[in-house]
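Comments concern the structure below.
All chains are named by letter (A, B, ...) in the order of the sequence lines, taking the proteins before the strands, and each is independently numbered beginning at 1.
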There are 2 protein chains.
Amino acid sequence: MIRSATAAQGAGVAPGAAVLTPDNRDQVLDLLTGALRTGVDVKVREDIYDAPRVTPEELRDLIVDDLPEGSVDAAAVVDEVRRRILPYCKNEASPRFAGFADTGADVAALAGAVLAVFAQQNLINQSFDSPSATFVDVAVLRWLRDLVGYANPPVGKVADVWDVGGVVTQGGTGSNAVAMMLAREHAGPGTMRDGVRDPGRFKLVVPAGIGHYSVKGALAWIGCGESLLEVPVSGYRYDLEALRRALRAHRGEVMGVVAYAGDSRTQTVDDLAAVHDVVRGQDPGIWLHADACWGLLCAFTDRLRHKIDGIELYDSITVDAHKVMEVPYTLSALLVRDPGVLRTITTYSDLIMRETFAFGQVTPFTGSRAWESLKLWAMMRARGRAGLAAMAEHRLDTVAAFSALVDTHPRLARLHDPDLTAVVFAYLPSGHDPARPDVERLNRVNRAIHDQVLREGRWHLHQFSLADGGRVAPGAEVWPLRFLGGNARTTADHLAELVGEVARLGRLHDTP
Amino acid sequence: MIRSATAAQGAGVAPGAAVLTPDNRDQVLDLLTGALRTGVDVKVREDIYDAPRVTPEELRDLIVDDLPEGSVDAAAVVDEVRRRILPYCKNEASPRFAGFADTGADVAALAGAVLAVFAQQNLINQSFDSPSATFVDVAVLRWLRDLVGYANPPVGKVADVWDVGGVVTQGGTGSNAVAMMLAREHAGPGTMRDGVRDPGRFKLVVPAGIGHYSVKGALAWIGCGESLLEVPVSGYRYDLEALRRALRAHRGEVMGVVAYAGDSRTQTVDDLAAVHDVVRGQDPGIWLHADACWGLLCAFTDRLRHKIDGIELYDSITVDAHKVMEVPYTLSALLVRDPGVLRTITTYSDLIMRETFAFGQVTPFTGSRAWESLKLWAMMRARGRAGLAAMAEHRLDTVAAFSALVDTHPRLARLHDPDLTAVVFAYLPSGHDPARPDVERLNRVNRAIHDQVLREGRWHLHQFSLADGGRVAPGAEVWPLRFLGGNARTTADHLAELVGEVARLGRLHDTP
């Protein structure tokens with residue numbers, strides 16, 4: 001016999017009867033409030049880590065164990081998370097986490113994320129799984145479209161998901177994969193139905209050395225193979241003449257061109273209008289995709305807006321809110337100039353999607369989908385255009401301040417003039433001469449600095465390989481450091497301390 | 001000049017200065033605790049909706065508006081969510097939401113979800129983005145592997161992500177898409193690099209009429225086209241002779257066979273061992289995929305375990321925790337028999353994944369990834385094997401109780417003997433004779449019942465088309481109702497009331 005919920009589940013958070021019910025509401029609320037307080041205190045911590053750094057193998061042996069036989073109280077599990085797991089988590093909201101700024105610390109966004117956990121809407125369909133949440137998706141997508149310069153139809157004309165002009169995805173990689181599928185179907189109509197038959201027709205042009213792995217991955221995932229055409233760059237932007245030559249040489253084989261509004265290394269914003277003109281001049285049928293995961297920031301303030309002029313001419317644009325808008329993981333969107341184009345990659349089922357506003361029809365790789373958009377809706381609602389502008393401008397000020405510290409330091413050099421929030425810089429070994437650089441030594445000391453920064457865990461800087469544009473070791477592959485000015489808690493004192501720390505480590509590791 | 005965080009951001013949750021800092025910690029905690037209480041009170045509500053049901057267009061006009069110019073307090077935004085949006089959200093934890101049971105109401109899982117929002121780990125890499133969280137993924141994947149009968153290497157032998165044997169994904173659709181990519185690469189090694197050239201070689205066998213849209217979608221997404229081979233079923237299981245014939249007729253063209261451990265309609269568990277034997281007997285090179293989104297439940301209790309015997313012989317298995325384990329959206333996993341096979345679909349970047357435990361290397365369509373596994377870790381840790389068994393057995397009791405009510409009602413009929421938690425049933429119009437059914441009238445009354453149930457919003461039942469197995473209208477396409485017994489709050493009283501309501505609506509709509 002089944003028992004009533006009261007009899008079976010009502011005795012607080014008892015072992016084995018661990019679902020939230022009206023009867024245990026107060027005890028559960030206490031427990032969850034404690035978890036919430038723990039979470040808040042992780043974020044406000046000045047330190048990145050709450051425990052000494054240990055190796056992956058040590059963490060593996062500490063955490064990975066067998067599923068227990070018996071039940072325990074949920075409170076005991078929360079305590080275990082606090083003790084065994086959380087101390088080793090990074091706190092990206094720390095003002096010393098300076099290589100990325102996925103802080104997830106926007107207050108309204110945090111409230112939205114908490115509400116979304118409990119509301120448990122499923123964006124796969126509108127009618128019974130997310131009646132109002134679907135329109136929070138719609139609102140956010142229209143706000144983002146408006147910011148990048150895509151036209152929105154009047155609200156009353158939005159008759160179905162194909163009038164919205166975008167989809168919420170879990171990240172830039174997912175958004176870019178959807179864009180590549182649109183490009184594939186555009187180059188070969190019917191490919192969704194018939195499959196890929198000639199991957200040589202689905203080549204993708206990317207800027208050499210700064211393309212993001214996601215588009216290369218997407219080509220492999222969607223059956224086009226590794227059909228990348230890498231076009232030379234100059235100053236981390238397309239060499240337009242080389243782009244023209246490549247398109248001419250591969251006429252009829254190029255399905256798309258990707259331009260970066262802030263690449264994933266120096267965050268350089270390409271000359272989007274010029275790239276557009278070159279591509280359209282060669283072949284109006286090529287899909288033009290702008291990856292604005294970072295560059296969305298330009299849409300927030302007039303100080304940056306001109307940098308993305310022309311983005312509204314692109315067929316699709318990826319934006320990534322968790323990268324630049326301090327919302328908790330994850331939230332990205334793919335926006336499309338012509339909303340109706342999403343019809344070309346629709347999937348359909350009578351199971352739960354036979355309705356006009358079911359986003360499940362236009363989200364490849366995704367069926368059930370959590371209500372990620374609420375946190376971004378809350379963030380944008382709270383800040384408004386004025387708040388978004390203030391946020392972007394504060395970051396530009398931080399970047400200017402950090403750049404000035406690097407520029408005035410005798411042993412540091414910037415590798416570029418920042419367009420956005422990234423400052424890529426290097427420690428110069430003693431006796432360094434850009435005309436005759438010891439590249440091996442330059443890279444050795446900067447990699448040693450980065451290794452020690454990560455090992456100590458007091459600061460975080462990012463590192464990657466990059467073709468030097470001519471400032472420290474012209475043309476060479478170098479391994480510089482990257483600062484990212486996206487954290488509102490990073491003060492002038494932090495910046496000065498960070499520069500001092502890099503210089504100290506540089507001296508320490510600068511051995512001939 | 002940049003200002004200090006204290007000056008710029010410290011004044012509480014002021015407009016335009018809305019990030020969590022040490023200075024506003026107490027005010028923010030108050031605000032978030034209020035949001036948490038709202039969320040808890042949504043879930044403990046008896047009702048599914050907190051407002052009258054309105055049309056999609058009315059919700060669109062109510063919610064979709066322009067991005068405001070000015071900033072407002074986060075508290076005002078939370079109030080707006082409470083007022084304008086939440087009342088229209090479905091509450092799937094309501095004991096009257098009976099067509100699905102994605103309750104998300106497990107207490108430990110809710111605590112895990114809250115902690116994960118604040119911890120803000122990114123599972124794309126281990127070293128700096130999710131040092132310990134990566135091993136929570138590993139632990140959960142190993143627990144799930146153990147439950148389905150896949151062997152795990154000793155913890156100390158897990159040297160990298162390719163020793164884990166699975167990936168956490170956002171849902172069954174994502175898991176199935178990864179499985180299809182594995183099948184594609186297995187059938188055509190090098191396809192990741194070279195692309196699809198002959199989609200006719202990548203056919204997928206599914207059971208006719210009960211296959212899930214996700215695998216059809218996946219084939220279209222990954223470039224194989226709509227290469228489905230639908231094989232006849234009997235009693236919602238493969239007709240094994242027909243399966244053998246199909247494989248023989250398409251020798252060399254079939255990349256994979258999907259078998260359902262609980263299909264998405266009646267939740268019938270196929271004869272997995274027999275399907276395995278037929279497939280392997282025809283062609284040992286065919287990828288065998290088990291979709292156990294629902295059938296994972298069988299792994300929890302000896303009362304069901306025998307139903308999935310043989311699943312451990314399959315090359316890959318999809319499980320879906322948010323469907324059957326009361327964890328908040330979303331959490332699914334793809335498990336693979338041979339862990340090393342994930343190497344065949346690896347993507348790689350030096351940007352942030354050059355390390356042994358970076359899951360970003362083996363999660364197609366996904367780069368940055370939120371810490372979804374913590375909520376499942378917490379749920380399984382709290383319940384243990386004993387608690388999982390108790391949960392599954394309680395559901396079986398609920399299903400038996402509901403089935404008995406249907407069976408004893410003169411105007412209701414079950415369409416199958418439930419394997420799991422679904423009971424598919426129909427209201428029989430007066431004078432109904434299974435030997436000479438009026439299918440149009442049967443469907444009309446059941447669709448009218450379902451329409452009214454959804455329109456009124458007091459209950460939720462699911463509905464879909466199904467080939468009748470011989471109980472109400474042999475061989476015809478019918479539109480029955482589905483009850484799903486997966487909610488711990490659904491009492492015997494609720495079941496009786498629900499059956500009465502269906503019968504009342506049936507009488508109301510039963511017009512000749």
Side-chain angles (χ1 to χ4, degrees), chain A residues 2 4-5 16 18-20 22 35 39 44 63-64 67-68 70-71 74 77 85 88-89 104-105 107-108 111 113-114 117-120 131-132 135 139 143 155 171 173 192 194-196 199 213 217 220-221 223 225 329 347 349 364-365 367-368 370 378 381-382 384 387 397-398 488-489 491, chain B residues 2 4-5 16 18-20 22 35 39 44 63-64 67-68 70-71 74 77 85 88-89 104-105 107-108 111 113-114 117-120 131-132 135 139 143 155 171 173 192 194-196 199 213 217 220-221 223 225 329 347 349 364-365 367-368 370 378 381-382 384 387 397-398 488-489 491:
Chain A
I2 70 159
S4 78
V19 302
L20 172 61
V44 298
I63 293 169
V64 181
L67 179 60
S71 304
V77 174
I85 300 172
Y88 303 99
C89 287
V107 172
V114 168
V117 163
F118 289 85
Q120 179 80 348
S132 50
F135 296 103
W143 293 349
V155 175
T173 297
M192 288 281 286
D194 302 330
V196 173
Y213 58 86
W221 302 329
Y329 292 129
T347 20
S349 156
F365 325 123
S368 292
R381 201 84 182 163
D397 293 343
T398 301
R489 285 174 64 194
T491 64
Chain B
I2 71 159
S4 78
V19 302
L20 172 61
V44 297
I63 293 170
V64 181
L67 179 60
S71 303
V77 174
I85 300 172
Y88 302 98
C89 287
V107 173
V114 168
V117 163
F118 290 85
Q120 179 79 346
S132 50
F135 297 103
W143 294 349
V155 175
T173 297
M192 287 282 286
D194 302 330
V196 173
Y213 58 85
W221 302 328
Y329 293 128
T347 19
S349 156
F365 325 122
S368 292
R381 200 83 181 164
D397 293 344
T398 302
R489 286 173 65 194
T491 64

Closest approach of [X] to [Y] (non-hydrogen atoms, all atoms of both residues):
X: A/V19; Y: B/A488; answer: CG2-CB, 3.9 Å
X: B/P199; Y: A/V196; answer: CD-O, 3.2 Å
X: A/C89; Y: B/S132; answer: SG-OG, 3.6 Å
X: B/G367; Y: A/Y213; answer: CA-OH, 4.3 Å
X: B/V44; Y: A/P22; answer: O-CG, 3.5 Å

Any side-chain heavy-atom pair of A/V117 and B/V117 under 4.5 Å: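 The answer is yes, as the side chains (C-beta and beyond) meet within the 4.5 Å cut-off.
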
Side chains of B/F118 and A/V114 in contact at under 4.5 Å (non-hydrogen atoms):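 Contact flag for B/F118/A/V114 side chains = yes.
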
Interatomic distance, B/L20 atom CG to A/R489 atom CZ [nearest 0.5 angstrom]: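 Rounded to the nearest 0.5 Å, the CG-CZ separation comes to 7.0 Å.
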
Among [options], single out the residue with the greatest number of heavy-atom pairs under 4.5 Å to chain B.
options: A/G39, A/S368, A/P68, A/G223; result: A/G223
options: A/A119, A/A370, A/P131, A/A111; result: A/P131
options: A/G171, A/G70, A/A113; result: A/G70

Aromatic plane relationship, A/W221 with B/F365 - under 30° parallel, 30 to 60° tilted, over 60° perpendicular: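 Rings of B/F365 and A/W221: perpendicular, as their planes differ by over 60°.
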
